[in-house]
Number of protein chains: 2
Amino acid sequence: MSSSTTDPGGDPLTTRQQAVLDAVLALMVEEGDRLTMSAVARRANCSKETLYKWFGDRDGLLTATVRWQAARVRAGRYDGQRLDIAALRESLIDFAANWLGVISSPTSIALNRLAIGHAASRKSNLGGIVLANGRFAIGERLRPVLEAGREAGLLSFDDAETAFRTFFGLVGRDVQIRLLLGDPLPMGRAEIARDAERATDQFLALHGRPESSTEDRPAPKA
Amino acid sequence: MSSSTTDPGGDPLTTRQQAVLDAVLALMVEEGDRLTMSAVARRANCSKETLYKWFGDRDGLLTATVRWQAARVRAGRYDGQRLDIAALRESLIDFAANWLGVISSPTSIALNRLAIGHAASRKSNLGGIVLANGRFAIGERLRPVLEAGREAGLLSFDDAETAFRTFFGLVGRDVQIRLLLGDPLPMGRAEIARDAERATDQFLALHGRPESSTEDRPAPKA
DNA sequence: ATTCGTCCGTAACGAACGTTACGGTTCTGC
DNA sequence: GCAGAACCGTAACGTTCGTTACGGACGAAT
């Protein structure tokens, strides 16, 4: 863990290299486990020699792929200007929906499976990179929102990290582990929107200041 | 999904076979990824031919191992007699602590990693077995507790499944994904006890009936 | 004691795959 | 144009590992 996302990676990728990494991602989603260097070279219309020249070895290729995917997940900013309870709720719902969309995407599932399988061995922590760009990155982005909410008297909590972890649990629940284990859990736009709203309202019920209007929040459904 | 846990497995294992499966578990925890048939035979002091005679092939061995481990996780019963708010809270805390202990154990982590890696390929759903004996088994065991709490007027929710998933999220939060990805998150007895209590009180704050005494519940800490 | 079945230890086969090497082709700068 | 680099396609090498085969040891039953 050095500067931003556990090592920036070193070199800015050429478009050709990015295309190769996109091919890796596509293969990971389609073929899952059978991600062989030959398959990557075939899919990307490049030679294995080029792969080894660019990325060193198989781990280097996978690491570069994880970083490349992480670079796209960076989503919209959620600044806390004009903070009232409605804006805060909207921000939290946006965060939740965004996060649910990410973890339920086939790319994220394939990537996490790969990183988890790699964490079993000891070599080259893909798991650390995925964590830094996933779980911890979203935590860092949400923290200012939570603290702005507290400053504005809308939220009440002692530790922002603990509060975030509660929010994280309410949003994700069993979704990620079920998807990782192959459960055909449907996570379309409708389910994501519903879950994001429910989780946010539950979070506000736990950490919202009582005086912050409850009239537009239609009482936790379930 | 047939009777209890996605296929009972067929035959009751001999003690020798159980010892072999224990060796597999130990190897999975220690060596992680490098779980080779030769290593299992060496560790268990048996021949590879015996492994293949008993378990068919590598997948059969892994499946038997998952089932064998699942058979021990069966924990205490939580019947809902004499239900008052204190007993309910105690039951929920027990459930939460038990679950946290399971998912943070090295064995469970190694097993889930293996099943997730297997879910990437399509063959022989270890993921389904792990889900059936983990996430879904605990859901089935907790459901009667929740419904008894509702019958007794202590809890309020529409759907027991949804309520359980909320509890699941509050308990597990980011623990499982972090451990699976190799994060050195400390989860000792102290952390587990604290998390179980916090999650239970949060759940009761969301779904508890207001008239059920709040005096012994020391206001959600964070 | 002999025979049969079960199991151990080890060797061998074959496929998959990471890695390297090589000849031919395309692109770039002078 | 031309030299050199970068790159493609493919072949080859070595290792790992799942799977099978073989010979011998041990125990139970006849």
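Note that the coordinates shown come from a computational prediction; the quantities given were computed from them, not determined experimentally.
- Residues that satisfy the side chain to side chain donor-acceptor pair (under 3.5 Å) test with B:Thr36, not counting sequence neighbours, are absent from this structure.
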Between N or O atoms, less than 3.5 Å apart, protein on one side and nucleotides 25-29 of chain D on the other: list the pairs.
none

Between the protein and nucleotides 3-5 of chain C, which nitrogen or oxygen pairs are less than 3.5 angstrom apart?
none

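- Qualifying ring-ring contact (aromatic ring centres under 6.0 Å, His included) partners for A:Phe203, counting only residues two or more places apart in sequence or in other chains: A:Phe167, A:His207.
- Applying the salt bridge (Lys or Arg N to Asp or Glu O under 4.0 Å) rule to pairs touching residues 160-178 of chain A yields A:Arg135-A:Glu161, A:Arg143-A:Glu161, A:Arg165-B:Asp174, A:Arg173-A:Asp195, A:Asp174-A:Arg178, A:Asp174-B:Arg135, A:Asp174-B:Arg165, A:Arg178-A:Asp183, sequence neighbours excluded.
- Among residues at least two apart or in separate chains, salt bridge (Lys or Arg N to Asp or Glu O under 4.0 Å) pairs with a member in residues 41-64 of chain B are B:Glu30-B:Arg43.
- In this structure B:Ala19 satisfies the side chain to side chain contact (heavy atoms under 4.5 Å, CB included) test together with B:Arg16, sequence neighbours excluded.
- Using a 4.0 Å cutoff on non-hydrogen atoms, the parts of residues 34-57 of chain B near DNA chain D are B:Leu35, B:Thr36, B:Met37, B:Lys48, B:Glu49, B:Tyr52, B:Asp57, ordered by number.
- Atom pair A:Arg16:CZ and C:dT26:C1' shows a separation of 13 Å (rounding to whole Å applied).
- Take B:Ala193 and apply the side chain to side chain contact (heavy atoms under 4.5 Å, CB included) test, not counting sequence neighbours, and it matches no residue.
- Residues forming a side chain to side chain donor-acceptor pair (under 3.5 Å) with B:Ser108 (at least two apart in sequence, or on another chain): B:Asn112.
- Judged as a salt bridge (Lys or Arg N to Asp or Glu O under 4.0 Å), and not counting sequence neighbours, the contacts of A:Asp22 are A:Arg72.
- Among residues two or more places apart in sequence or in another chain, the salt bridge (Lys or Arg N to Asp or Glu O under 4.0 Å) test is passed with A:Glu191 by none.
- The heavy-atom pair separating A:Ile177 from B:Gln176 by the smallest distance is CG1-OE1, 3.8 Å.
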